[in-house]
Amino acid sequence: MAEALIFDGHNDLPWALRQKFDSRVEEIDLSQHQPSLHTDIPRLREGRVGAQFWSVFVPSNMLPADAVVATLEQIDCVHRIMSEYPETFSLVDTAAGVRTAVEKGRIASLMGIEGGHSIDSSLGVLRMMRRVGVRYMTLTHNDNTPWARSATGEQVGYGLTGFGRSVIAEMNDLGIIVDLSHVAEQTMHNTLDITRAPVMFSHSSCRNVTDHVRNVPDSVLERLPENGGVLMLTFVPAFISNACAEHEQRSDDIRKRLGLRTGFHAGHVDEDEAAISEYARWTSQNPPPHATIADVVKHVEHAREVVGPQHLGIGGDFDGIERLPRGITGVSSYPVVKMALAERGWSAADLRSLAFGNVLRVLEDAERVAIQQTDDDSMQNATVGH
């Protein structure tokens with residue numbers, strides 16, 4: 001069971017390389033253990049990672065046009081990683097490509113945009129992102145877009161606007177999977193009401209187990225089987241542990257009082273140095289508690305009770321967070337999680353579905369919807385022409 005390949009939904013290595021190494025891929029030897037990262041090739045192999053969605057994240061507080069440029073730079077970073085290690089990675093954008101890469105012993109690598117701010121409210125940019133290989137887009141990150149509400153954004157009277165519905169329709173037509181991690185509950189329901197293709201939560205957990213706004217409530221999870229989508233459970237401590245979630249809330253309250261941004265990937269760009277120092281003092285006096293593998297298991301077990309094993313996956317969020325649960329040290333730790341589930345009675349078949357099969361099915365189904373739309377458009381054009 002520990003040998004089952006993993007298809008992970010979300011890894012922030014490109015952002016970590018940008019932040020820590022100025023995206024100098026050529027100067028970082030990922031073929032060797034990198035202690036400042038959660039991800040390197042030896043640990044990917046040890047973790048039995050067979051396919052990976054690499055996040056091409058940029059902060060949602062960037063000016064929209066700047067976000068488009070920065071996202072393309074992140075895509076370039078992924079391409080350069082692939083070029084630097086062609087014997088390890090294979091950049092693909094189809095389910096067939098995933099299967100071929102795995103058969104050749106390479107890690108199938110796909111890209112996901114983390115936040116609709118990266119398209120600057122442009123369907124043309126969205127179409128071009130698909131042309132350069134993007135296969136999912138998270139509708140929002142920490143902030144609202146003009147057309148979709150974020151779980152952590154300002155309170156507004158919409159989940160999706162009319163244009164937001166156009167974005168969902170275009171994503172369906174293009175075969176870009178709609179990712180509902182980071183979005184508000186209303187946005188989740190609005191999307192499930194209209195999408196023609198399965199959705200994914202690339203890195204979220206269960207709100208009924210840990211009451212965090214970034215988690216998915218059961219009222220939404222219960223709709224996944226009909227939609228055919230997948231919840232990819234994450235290792236983010238604040239999402240899986242109530243104690244960690246409470247500490248994060250206290251931390252956010254302090255940051256707001258000091259005028260600092262909150263949320264993951266917030267960074268310290270253009271922030272007051274005195275406020276940063278005061279926050280650092282508070283952190284040293286109030287260290288966060290630890291989450292554990294047992295917390296991960298609680299969420300996976302609850303999700304299975306609600307949606308069944310055919311609608312679950314794993315989205316670790318490695319290199320997108322500073323702290324990991326005890327017992328998880330990086331991308332090498334997936335077998336530990338799988339064995340913990342096996343000890344709870346999970347069958348080999350269900351573990352294979354969780355680890356790899358379910359997200360591959362969603363990828364295939366998204367492609368099927370896009371092909372059907374292309375066929376329908378061709379038939380309609382032929383009829384009009386006749």
Practice task
Examine Trp15 together with His38 and report whether their ring centres are nearer than 6.0 Å.
Solution key: no

Exercise for the section: Using distance alone, with no hydrogens and no angle criterion, decide if Asp143 and Ser150 have a side-chain donor and acceptor under 3.5 Å apart. Expected result: no

Practice task
Please indicate whether Arg344 has more than 12 foreign heavy atoms, meaning atoms of other residues, nucleotides or ligands, lying under 6.0 Å from its CZ.
Solution key: no

Handout entry: Pair Glu248 + Arg255: basic N to acidic O under 4.0 Å
Key = no

Handout entry: Polar side chain donor-acceptor pair, Asp120 to Ser122, under 3.5 angstrom
Key = no

Handout entry: Donor-acceptor pair, side chain of His203 and main chain of Gly316, under 3.5 angstrom
Key = no

Exercise for the section: Give the cluster check for Val58 versus Phe53: same hydrophobic cluster or not, with ILVMFWY residues linked at side-chain heavy-atom distances below 4.5 Å. Expected result: no

Problem - Note: Asp252-Lys256 ion pair, threshold 4.0 Å (strictly below) - result: no

Exercise for the section: Side-chain contact test, heavy atoms from C-beta onward, threshold under 4.5 Å: evaluate it for Leu363 versus Leu110 and give yes or no. Expected result: yes

Problem - Residue pair Arg149 / Gln155, side-chain donor-acceptor N/O under 3.5 Å - result: yes

Handout entry: Aromatic contact, Tyr158 with Phe163 (centres under 6.0 Å)
Key = no

Handout entry: Non-hydrogen side-chain atoms of Val230 and Leu224 separated by less than 4.5 Å
Key = no

Handout entry: Distance-only donor-acceptor check, side chains Arg214 and Ser204, under 3.5 Å
Key = yes

Practice task
Indicate the ring-plane relationship of Tyr85 and Phe89, choosing parallel, tilted or perpendicular according to the 30° and 60° boundaries.
Solution key: perpendicular

Practice task
Check whether any side-chain heavy atom of Val336 lies under 4.5 Å from a side-chain heavy atom of Ile328, and answer yes or no.
Solution key: no

Exercise for the section: Determine the interplanar angle of the Phe57 and His117 rings, folded into 0 to 90°, and report it as parallel if under 30°, tilted if 30 to 60°, perpendicular if over 60°. Expected result: perpendicular

Problem - Side chain proximity check, Glu73 to Arg18, heavy atoms < 4.5 angstrom - result: yes

Exercise for the section: For residues Phe239 and His212, establish whether the separation of their ring centroids is below 6.0 Å. Expected result: yes

Practice task
Mind checking the CD1-CE spacing from Ile176 to Met111? Nearest 0.5 Å is all I need.
Solution key: 11.0 Å

Completion exercise
Rounded to the nearest 0.5 angstrom, the CE-CD1 distance for Met82 and Ile107 is 8.5 Å

Exercise for the section: Calculate, to the nearest 0.5 Å, the distance between atoms OG and CZ belonging to Ser347 and Arg352 respectively. Expected result: 7.5 Å

Practice task
If the plane angle is over 60° it's perpendicular, under 30° parallel, otherwise tilted; pick one for Phe235 and Tyr334.
Solution key: tilted

Handout entry: Polar contact flag, side-chain donor to acceptor under 3.5 angstrom, Thr195-Asn227
Key = no

Practice task
If the plane angle is over 60° it's perpendicular, under 30° parallel, otherwise tilted; pick one for Phe7 and Phe356.
Solution key: tilted

Practice task
Give a yes or no on whether Glu87 atom CD has more than 12 heavy-atom contacts from other residues, nucleotides or ligands under 6.0 Å away.
Solution key: yes

Practice task
Could you tell me which non-hydrogen atom of Ala291 sits nearest to which non-hydrogen atom of Cys244, and how far apart they are?
Solution key: N-SG, 3.7 Å

Practice task
Would you verify whether the NZ or CZ of Arg304 falls within 45 degrees of the ring axis of Trp346 while also being under 6.0 Å from that six-membered ring's centre?
Solution key: yes

Problem - Same apolar cluster: Ile119 and Val69, side chain cutoff 4.5 Å - result: no

Exercise for the section: Treat each ILVMFWY residue as a node, draw an edge where side-chain heavy atoms are under 4.5 Å apart, and state whether Leu312 and Leu192 are in one component. Expected result: yes

Problem - Verify same cluster id: Leu72, Val78 (apolar side-chain graph, 4.5 Å) - result: yes

Practice task
Test side-chain contact (heavy atoms from CB on, under 4.5 Å) on Phe318 and Leu13 and set out the steps.
Solution key: CA-CA 7 Å; Phe318 288 116; Leu13 176 64; over 6 Å; no

Practice task
Could you tell me whether a side-chain N or O of Gln34 sits under 3.5 Å from a main-chain N or O of Asp29, the two making a donor and an acceptor?
Solution key: yes

Problem - Between His79 and Gln74, a side-chain donor and acceptor under 3.5 Å - result: no

Exercise for the section: Report the distance from atom OG of Ser202 to atom NE2 of His182, rounding to the nearest 0.5 Å. Expected result: 7.0 Å

Exercise for the section: For salt bridge (charged side-chain N to carboxylate O under 4.0 Å, His left out), just list the numbers for Arg165 and Glu170, CA-CA rounded to whole Å, side-chain angles, deciding distance to a tenth of an Å, and then say yes or no. Expected result: CA-CA 9 Å; Arg165 291 175 171 81; Glu170 191 71 21; over 6 Å; no

Practice task
Give the intermediate values and the outcome of side-chain contact (heavy atoms from CB on, under 4.5 Å) for residues Ser251 and Thr283.
Solution key: CA-CA 8 Å; Ser251 173; Thr283 301; 5.6 Å; no

Exercise for the section: Please examine the side chains of Glu27 and Phe21, heavy atoms only from C-beta on, and report whether any two atoms are closer than 4.5 Å. Expected result: no

Practice task
Answer yes or no: is there an ion pair linking Arg250 with Asp253, defined by an N-O contact shorter than 4.0 Å?
Solution key: no

Exercise for the section: For the pair Asp319 (side chain) and Thr39 (backbone), establish whether a donor and an acceptor sit closer than 3.5 Å, ignoring hydrogens and angles. Expected result: yes

Practice task
Could you check Val178, Leu139, Val220 and say which one makes a side-chain contact (heavy atoms from CB on, under 4.5 Å) with Val199?
Solution key: Val178

Exercise for the section: Supply the atom-to-atom distance Met171 CE to Leu123 CG, rounded to the nearest 0.5 angstrom. Expected result: 11.0 Å

Completion exercise
Looking only at heavy atoms, the pair that brings Ser55 and Glu114 closest together is OG-OE1, 3.2 Å

Handout entry: Minimum side-chain heavy-atom gap Gln372-Arg196 below 4.5 Å
Key = no

Exercise for the section: Would you tell me whether Asp12 and His10 have side-chain atoms, one donor and one acceptor, within less than 3.5 Å of each other? Expected result: yes

Practice task
Work out which heavy atom in Gly330 is nearest to a heavy atom in Leu324; give both atom names and the distance.
Solution key: N-CD1, 3.8 Å

Practice task
Determine, using the 4.5 Å side-chain heavy-atom cutoff (strictly less than), whether Val209 and Leu231 are members of one ILVMFWY cluster.
Solution key: no

Fill in the blank from the handout: Here the pair of heavy atoms bringing Ile177 nearest to Ala366 is CG1-CB, 3.9 Å

Practice task
Please tell me if the side chains of Thr234 and Phe201 come closer than 4.5 Å, counting only heavy atoms from C-beta onward.
Solution key: no

Problem - Criterion salt bridge (charged side-chain N to carboxylate O under 4.0 Å, His left out) on Arg368 and Asp365, from CA distance to verdict - result: CA-CA 5 Å; Arg368 191 174 299 114; Asp365 288 348; 2.4 Å; yes

Practice task
Say whether Gln52 and Ser109, considering side chains only, have a donor N or O and an acceptor N or O under 3.5 Å apart.
Solution key: no

Completion exercise
Distance col, row Glu46:CD vs Ser332:OG, nearest 0.5 angstrom, shows 4.5 Å

Practice task
Using a strict cut-off of less than 4.0 Å between a Lys/Arg side-chain nitrogen and an Asp/Glu carboxylate oxygen, indicate whether Glu185 and Arg207 qualify as a salt bridge.
Solution key: yes

Problem - Atom CZ of Arg257: over 12 foreign heavy atoms under 6.0 Å - result: yes

Handout entry: Nearest non-hydrogen partners of Gly327 and Ser333, listed with the distance
Key = O-OG, 4.0 Å

Exercise for the section: Verify salt bridge (charged side-chain N to carboxylate O under 4.0 Å, His left out) between Asp193 and Arg223, making sure each step is shown before the conclusion. Expected result: CA-CA 10 Å; Asp193 288 342; Arg223 301 186 65 180; 2.7 Å; yes

Exercise for the section: Find out whether Val359 and Tyr136 are in side-chain contact, i.e. whether some heavy atom of one side chain is under 4.5 Å from a heavy atom of the other. Expected result: no

Handout entry: Polar side-chain atom of Asp40 near backbone of Leu30 as donor-acceptor pair, under 3.5 Å
Key = no

Practice task
Identify the two heavy atoms, one from Met188 and one from Asn215, that lie closest to each other, and give their separation to 0.1 Å.
Solution key: CE-O, 4.1 Å

